[in-house]
Structures are given as C-alpha cells and as structure tokens.
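Take a look at the structure set out below.
Both backbone and side-chain heavy atoms feed into the values below; hydrogens, waters and symmetry mates do not.
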Amino acid sequence: IFSIVVFGSIVNECYVNRDSQSSELLCIFNENESACSYGIAVGLMAFFGCIFFFVVDLQFQQISSVKDRKRAVLLDLGFSGFLSFLWFVAFCFLANQWQRTTMSKGVSQGADAARAAITFSFFSIIVWVSSA
C-alpha cells in the first residue's frame with residue numbers, strides 16, 4: 001500500500017507547469033526529473049514484487065520440492081533486502097531534493113504530495129526491513 005501512495009502521489013501531483021504560459025511539466029523535487037522517475041520506478045517495482053510474492057505465497061503449499069521452496073524463500077528474502085536498500089535511497093534522494101526546492105506557487109500545490117511520498121518512502125524502509 002505504501003508503494004501505491006508513493007508512486008501515486010508523485011504521478012498525480014508532483015509534476016507542475018513551469019509557469020502559467022508554459023505547458024512543460026516539471027518535477028517539483030528541485031525540478032529534478034530523476035527524483036520523480038526514481039520514486040515512481042521503486043514504487044512500481046515494489047508493487048509488482050508484492051503481487052508476485054503474494055502469488056508465490058498462495059502457491060507455496062503446492063511446491064513439492066524442498067529445493068524449490070528454499071529458492072522461493074531466499075528469493076523473497078533477497079528481494080526484501082534489495083527493496084529495503086532502494087527505499088532507503090529513495091527516501092534520502094527525495095528528502096534531499098525536496099530540501100533544495102525553492103517554494104513557488106506551482107510547488108506549493110504539490111507540496112503535500114511530495115511530503116507524502118517522502119514520508120511513505122521512509123515507512124517503506126521499516127516495512128521492507130521487517131519483511132526481510
């Protein structure tokens with residue numbers, strides 16, 4: 001759910017027009033497109049990974065081989081650790097870019113969404129570490 005909040009808030013409200021005359025959309029995280037792209041990418045990766053491992057958990061009892069069960073568990077563990085790291089990087093990157101952002105009228109419109117993305121990326125670190 002946290003990943004949905006992060007990539008959903010970035011996609012919906014973290015792109016604003018440079019000014020009223022221009023139709024060019026800019027990321028509100030210090031006008032750094034990489035910050036928005038990274039948050040969206042990690043959020044989508046976490047969301048689809050959760051769906052994949054939910055299906056694996058549902059089918060876990062039907063896996064007859066002990067080696068295949070072990071691989072599934074180790075893959076889940078590795079994925080959780082990897083996403084913990086990615087969420088940590090996302091939190092640091094988004095918070096740093098938000099700190100450097102100069103407030104303007106366009107930025108203030110998406111400020112709550114940016115703060116939500118930063119907050120839920122921090123919560124995601126805790127969730128994925130506990131999952132690992």
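- In terms of the side-chain contact (heavy atoms from CB on, under 4.5 Å) criterion, residue partners of V129 (sequence neighbours excluded) are, by chain and number, S84, I125.
- Connection of F82 to V73 is not established within any shared hydrophobic cluster, with ILVMFWY side chains joined at heavy-atom distances below 4.5 Å, either directly or through further cluster members.
- Ring pair F29/W98 is perpendicular by interplanar angle, where above 60° counts as perpendicular and below 30° as parallel.
- Proximity of W128 to F79: side-chain heavy atoms (C-beta onward) are separated by under 4.5 Å at one or more points.
- When all heavy atoms of T102 and V107 are compared, the pair lying nearest together is O-CG2, 3.8 Å.
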Would you list the atom pairs, donor with acceptor, under 3.5 Å between side chains in residues 44-58 and any protein atom, with sequence neighbours excluded?
none

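- Cluster annotation: I1 and V11 are assigned to distinct hydrophobic clusters (Ile/Leu/Val/Met/Phe/Trp/Tyr, side-chain heavy-atom contacts under 4.5 Å, transitive).
- The CZ atom of F88 lies 10.0 Å from the CZ atom of F122; values are rounded to the nearest 0.5 Å.
- A distance of 9.0 Å separates CD1 of I28 from OG of S108, quoted to the nearest 0.5 Å.
- If you chain together hydrophobic residues whose side chains sit under 4.5 Å apart, L83 and I4 fall into the same group.
- Atom OG of S34 sits about 8.5 Å away from atom CD of Q97, to the nearest 0.5 Å.
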Run Q61 and R69 through side-chain contact (heavy atoms from CB on, under 4.5 Å) and show every step you take. CA-CA 9 Å; Q61 296 298 323; R69 283 184 177 206; 4.0 Å; yes
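- Applying the 6.0 Å contact sphere to CZ of F85 captures no more than 12 heavy atoms from other residues, nucleotides or ligands.
- Ring geometry, F123 versus F2: the interplanar angle falls from 30° to 60°, so the pair is classed tilted.
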Begin with the C-alpha distance, continue with both residues' side-chain angles, and end with the deciding distance and a verdict on side-chain contact (heavy atoms from CB on, under 4.5 Å) for N32 and F93. CA-CA 10 Å; N32 187 347; F93 188 33; 3.7 Å; yes
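- Residue S9 holds its OG atom at 9.0 Å from CD1 of I40, rounded to the nearest 0.5 Å.
- SG distance check for C27 and C36: under 2.5 Å.
- Heavy-atom neighbours of L75 CG from other residues, nucleotides or ligands within 6.0 Å: above the threshold of 12.
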Go through the steps for I118 and F91 under the test side-chain contact (heavy atoms from CB on, under 4.5 Å), then give the verdict. CA-CA 6 Å; I118 293 168; F91 169 72; 3.7 Å; yes
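- Two residues are said to be in side-chain contact when any heavy atoms from C-beta on lie closer than 4.5 Å; Y38 and L86 meet this criterion.
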Under the criterion side-chain contact (heavy atoms from CB on, under 4.5 Å), I'd like the reasoning laid out for L25 against N17: C-alpha separation, chi angles, the key distance, then a yes or no. CA-CA 5 Å; L25 293 177; N17 291 341; 3.0 Å; yes
